[in-house]
There are 2 protein chains.
Amino acid sequence: MDIDKYTSHDKILVAVDCIIFGFDGHELKALLIKRAFEPEKGKWSLMGGFVSQDESTDEAAGRVLLQLTGMNNVYMEQLYCFSDVNRDAAGRVISVAYFALINIADYSEQLQLEHEAKWFPLAQVPALIFDHKEMVALAKERLQQKVANHPIGFELLPGKFTLPQLQNLYEAIYEEPLDKRNFTRKVLSLGILNKLDEKEKESSRKGAFYYVFDKGKYSKLHREGVKFI
Amino acid sequence: MDIDKYTSHDKILVAVDCIIFGFDGHELKALLIKRAFEPEKGKWSLMGGFVSQDESTDEAAGRVLLQLTGMNNVYMEQLYCFSDVNRDAAGRVISVAYFALINIADYSEQLQLEHEAKWFPLAQVPALIFDHKEMVALAKERLQQKVANHPIGFELLPGKFTLPQLQNLYEAIYEEPLDKRNFTRKVLSLGILNKLDEKEKESSRKGAFYYVFDKGKYSKLHREGVKFI
DNA sequence: CCAAAAGTGTTTCTATTACACCCATGT
DNA sequence: ACATGGGTGTAATAGAAACACTTTTGG
């Protein structure tokens, strides 16, 4: 590797910022932290970190996510590169934003305390540093588009979930109510869910059957062009 | 601006690369250049350039595009940030890819010669340096998705165009034939085209009426949620 | 008069929407 | 027995897809 070829050009600080989505059964939430260092120390912020010379932005985002959540193998997707010259008050930093979908129940209280992290319903996100609010807004938009065509909503739910839970999730993401019968029909017609014999009995007397997402069945569908909800 | 706050972190070379799409009436093409400097000098490549300390990636991409095409005010959109550690054989470079849509007829032969640039039908793109082939493929995918919901196809056509030309364009982008009657009905039903009295007489005896895209009428539609073709 | 491309409607099918009642169960 | 949320079908509508003939005109 001949690093000398490009020496006449500017080098720039590159960061990643993660919009971490979770779903508590009712609302779609984002995990924010109290920024631990200057500038803007103590203000609400996305979790982020600098990209080092020997890692890709994907790797950096994975690292940052692991740091905050202790989780690996999380669904994560590059969102957009934010590069306004003055986006960071303390200097020139280009940030590549990622969004992640995690099962909120798996998130450790312990780590939450350590990082002064907190889940905020999307409608109640506080003032954020720099352009992080813009990042959150864009992530929400992308998530809305993406779940319509890709089976990624399941990433926000436990391994087994009920149809009412799944519907709540989609309603939370789309921010609009869906018809129960139409929803059920459409979801089941895709043939990618397996019904279990077991019922969830917390939230109703009758209980609702659990389902699991069958990745194998999904893979057999065309990768693109599948309308979800 | 306090640039000293982040000094302990790595700085990285950041570049932009542009996938420039054009349409010649029959095929969708990409503008490629023979790379003018080492490494990989003389090989086919996307047009690119380094991002300097005092410009955003949008600005850098605009600059690069202006350099190659002489054009300003071109439709351009950020595609993706490519950051594999070894993507550039000569050193660590993160590249933010952009795609642009230009009216191929406006592109100066002169500049084409100066930069050793050439239009390649998408199906016949030669071997490209680094990860540029991946960039082109992703850009094509994004273009296909985007034109389905946004009125950006017009950017690839002259100010006035005929319905058969517009249909050819969509067929070229989607790489599949469309039904003429269904296409015409749908396009006209959007109410965003104005028919001129003038006919294009080159490509047929009968001649086809010219239309122009009416941006004002489009703006009155909802920004999102409009299905195009 | 003929070749070549432009222009134009109707029918079928599929997908989406709207809508209301019974079921199972814990208290 | 009743309150609570789970589960289910049908009819109406809108959108997409399939399909073929007539028109214009330069040569």
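Letters go in sequence order (proteins before strands), and every chain restarts at 1.
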Just the rounded figure in Å: distance from P of D:dG6 to CD of A:Glu198. 16 Å
For the side chain of B:Pro164, counting heavy atoms from C-beta on, which of C:dT8, C:dT25, C:dA6 is nearest? C:dA6
Residues of residues 173-192 of chain B with any non-hydrogen atom less than 4.0 angstrom from an atom of DNA chain D: list those, numerically ordered, please. B:Asp179, B:Arg181, B:Asn182, B:Arg185, B:Lys186
To the nearest Å, how far apart are A:Gln167 CD and D:dT8 P? 14 Å
So what does B:Ser203 touch, heavy atoms closer than 4.0 Å: a base, only the sugar-phosphate, or nothing? sugar-phosphate
Donor-acceptor pair under 3.5 Å: do we get one between B:Lys206's side chain and the base of D:dT25? no
Here the distance between atom C1' of C:dG7 and atom OH of B:Tyr210, to the nearest Å, is 17 Å
Parallel under 30°, tilted from 30 to 60°, perpendicular over 60°: which one fits the rings of B:Phe99 and B:Phe21? perpendicular
Take the protein atom NZ of B:Lys201 and the nucleotide atom P of C:dA3, then report the distance between them rounded to whole Å. 20 Å
Given A:Tyr80 and B:Gln78, is the side-chain contact (heavy atoms from CB on, under 4.5 Å) satisfied, shown in steps? CA-CA 8 Å; A:Tyr80 198 76; B:Gln78 189 189 116; 3.4 Å; yes
Would you call the rings of B:Tyr218 and B:Phe213 parallel, tilted or perpendicular, where under 30° means parallel and over 60° means perpendicular? tilted
Any side-chain donor paired with an acceptor under 3.5 Å for B:Thr57 and A:Ser83? yes
Can you check the A:Asn168 CG to D:dG5 P distance for me, whole Å? 11 Å
Would you kindly give the CG-to-P distance between A:Leu163 and D:dG5, to the nearest whole Å? 17 Å
Paired with A:Trp44, the side-chain contact (heavy atoms from CB on, under 4.5 Å) test is passed by just one of A:Lys118, A:Arg35, A:Glu116, namely A:Lys118
note: A:Gln165, atom CD; D:dG7, atom C1'; distance rounded to Å ~ 15 Å
What is the separation between atom NZ on B:Lys199 and atom C1' on C:dA4, rounded to the nearest whole Å? 13 Å
Say whether B:Ser95 and B:Asp17, considering side chains only, have a donor N or O and an acceptor N or O under 3.5 Å apart. yes
Can a side-chain donor-acceptor contact be found between B:Asp58 and B:Tyr98 if the only test is distance below 3.5 angstrom? yes
